[in-house]
K.L.:
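I'd like to ask you about the structure that follows.
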Amino acid sequence: MSVHVPKTGERLDKELVEDSYNQAKEFYKDVFKSGYTVFTCQTYLLHEVTLSFLNKESNLYKFASDYTIVYNRDYPDYTEMWRLYDCDVIGKDLADLPSDTSLRRKYIEYMKTGKKIGYGHGIYISR
């Protein structure tokens, strides 16, 4: 089952995430009859660059830690960064991007180098 991380601005609190997993497990209990529920997620949050930026105590890192990363892929450009900045970053001066979180600030510095960003695909098996 594919996990979508909504762009709501709410914190990915570990207890709320677990509650969501449990609700999904209950809803799909007739599909996953083995007692294991398989979750997949594909997001920039699971990419190796993002993971290197995250504080190990942060909610984002705790969420990402649920997943075994199967692969990482790079994007051809920074188009997908709208997910983090709520705007198209292509053609913008990086100094004009929102920098109110440590992740946003770290990505601004990273994009100044011109290095690639991307997404990770992960799997989480829950009992």
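Start at 1 with the first residue, then count along the sequence.
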K.L.:
Identify the heavy atoms of Ile90 and Thr79 that sit nearest to each other, and give their distance.
P.N.:
CD1-N, 3.7 Å
K.L.:
To the nearest 0.5 angstrom, please state how far the CE atom of Met81 sits from the CG atom of Leu94.
P.N.:
10.5 Å
K.L.:
Taking the side chain as C-beta and beyond, is there a heavy-atom pair between Phe32 and Met1 under 4.5 Å?
P.N.:
yes
K.L.:
Only one of Tyr78, Phe53, Tyr85 forms a ring pair (Phe, Tyr, Trp, His ring centres under 6.0 Å) with Tyr107, so which one is it?
P.N.:
Phe53
K.L.:
Restricting to non-hydrogen atoms, name the atom on Cys41 and the atom on Val5 that form the minimum distance, rounded to 0.1 Å.
P.N.:
SG-CG2, 4.2 Å
K.L.:
With a 4.0 Å cut-off, would you call Lys92 and Asp88 a salt bridge?
P.N.:
no
K.L.:
Could you check Tyr71, Phe39, Tyr44 and say which one makes a ring pair (Phe, Tyr, Trp, His ring centres under 6.0 Å) with His121?
P.N.:
Tyr71
K.L.:
Dump the intermediate steps for side-chain hydrogen bond (donor to acceptor under 3.5 Å, both in side chains) on Tyr124 and Thr37, then the final yes or no.
P.N.:
CA-CA 8 Å; Tyr124 169 49; Thr37 305; over 6 Å; no
K.L.:
Between Lys62 and Asp13, does any NZ, NE, NH1 or NH2 come within less than 4.0 Å of an OD or OE carboxylate oxygen?
P.N.:
no
K.L.:
Taking the side chain from Lys25 and the backbone from Arg127, do they hold a donor-acceptor pair closer than 3.5 Å?
P.N.:
yes
K.L.:
Looking only at side-chain N and O atoms, does His47 offer a donor or acceptor that is under 3.5 Å from a partner on Asp74?
P.N.:
yes
K.L.:
So does Leu46 get a backbone contact from the side chain of Thr43, meaning a donor-acceptor N/O pair under 3.5 Å?
P.N.:
no
K.L.:
Kindly indicate, with the supporting measurements, whether the criterion side chain to side chain contact (heavy atoms under 4.5 Å, CB included) is fulfilled by Ile123 and Val38.
P.N.:
CA-CA 7 Å; Ile123 185 170; Val38 180; 3.7 Å; yes
K.L.:
Between Arg104 and Asp86, is the closest basic N to carboxylate O distance under 4.0 Å?
P.N.:
yes
K.L.:
Quick one: do Ser102 and Asn55 satisfy side chain to side chain contact (heavy atoms under 4.5 Å, CB included)? Show the steps, please.
P.N.:
CA-CA 9 Å; Ser102 61; Asn55 177 316; over 6 Å; no
K.L.:
Considering all heavy atoms of both residues, which atom of Lys33 and which atom of Asp30 are nearest to each other, and what is their separation?
P.N.:
CE-O, 2.7 Å
K.L.:
Can you get from Leu16 to Phe63 by hopping between Ile, Leu, Val, Met, Phe, Trp and Tyr side chains that sit under 4.5 Å apart?
P.N.:
no
K.L.:
Between Tyr110 and Trp82, is there shared hydrophobic-cluster membership here, with clusters defined by ILVMFWY side-chain heavy atoms closer than 4.5 Å?
P.N.:
no
K.L.:
Ignoring hydrogens and geometry beyond distance, is a side-chain donor-acceptor pair present between Asn22 and Glu26 at under 3.5 Å?
P.N.:
no
K.L.:
Closer than 3.5 angstrom, by distance alone: can the side chain of Tyr67 be matched with the main-chain N or O of Ile125 as a donor-acceptor pair?
P.N.:
no
K.L.:
Heavy atoms only: give me the nearest Leu12-Asn59 pair and the separation to one decimal.
P.N.:
O-CB, 3.1 Å
K.L.:
Is there a path of hydrophobic side-chain contacts, each under 4.5 Å between heavy atoms, that joins Leu51 and Val70?
P.N.:
yes
K.L.:
Once you round to the nearest 0.5 Å, how far does OG of Ser2 lie from CD of Gln42?
P.N.:
8.0 Å
K.L.:
Is atom OH of Tyr28 surrounded by more than 12 heavy atoms (other residues, nucleotides or ligands) closer than 6.0 Å?
P.N.:
no
K.L.:
Is Arg73 positioned over the aromatic face of Tyr119, cation under 6.0 angstrom from the ring centre and no more than 45 degrees off axis?
P.N.:
no
K.L.:
Give a yes or no on whether the backbone of Glu109 and the side-chain of Thr113 come within a donor-acceptor separation of less than 3.5 Å.
P.N.:
no
K.L.:
Checking side chain to side chain contact (heavy atoms under 4.5 Å, CB included) against Leu84, which of Leu97, Leu103, Thr50 comes through?
P.N.:
Leu103
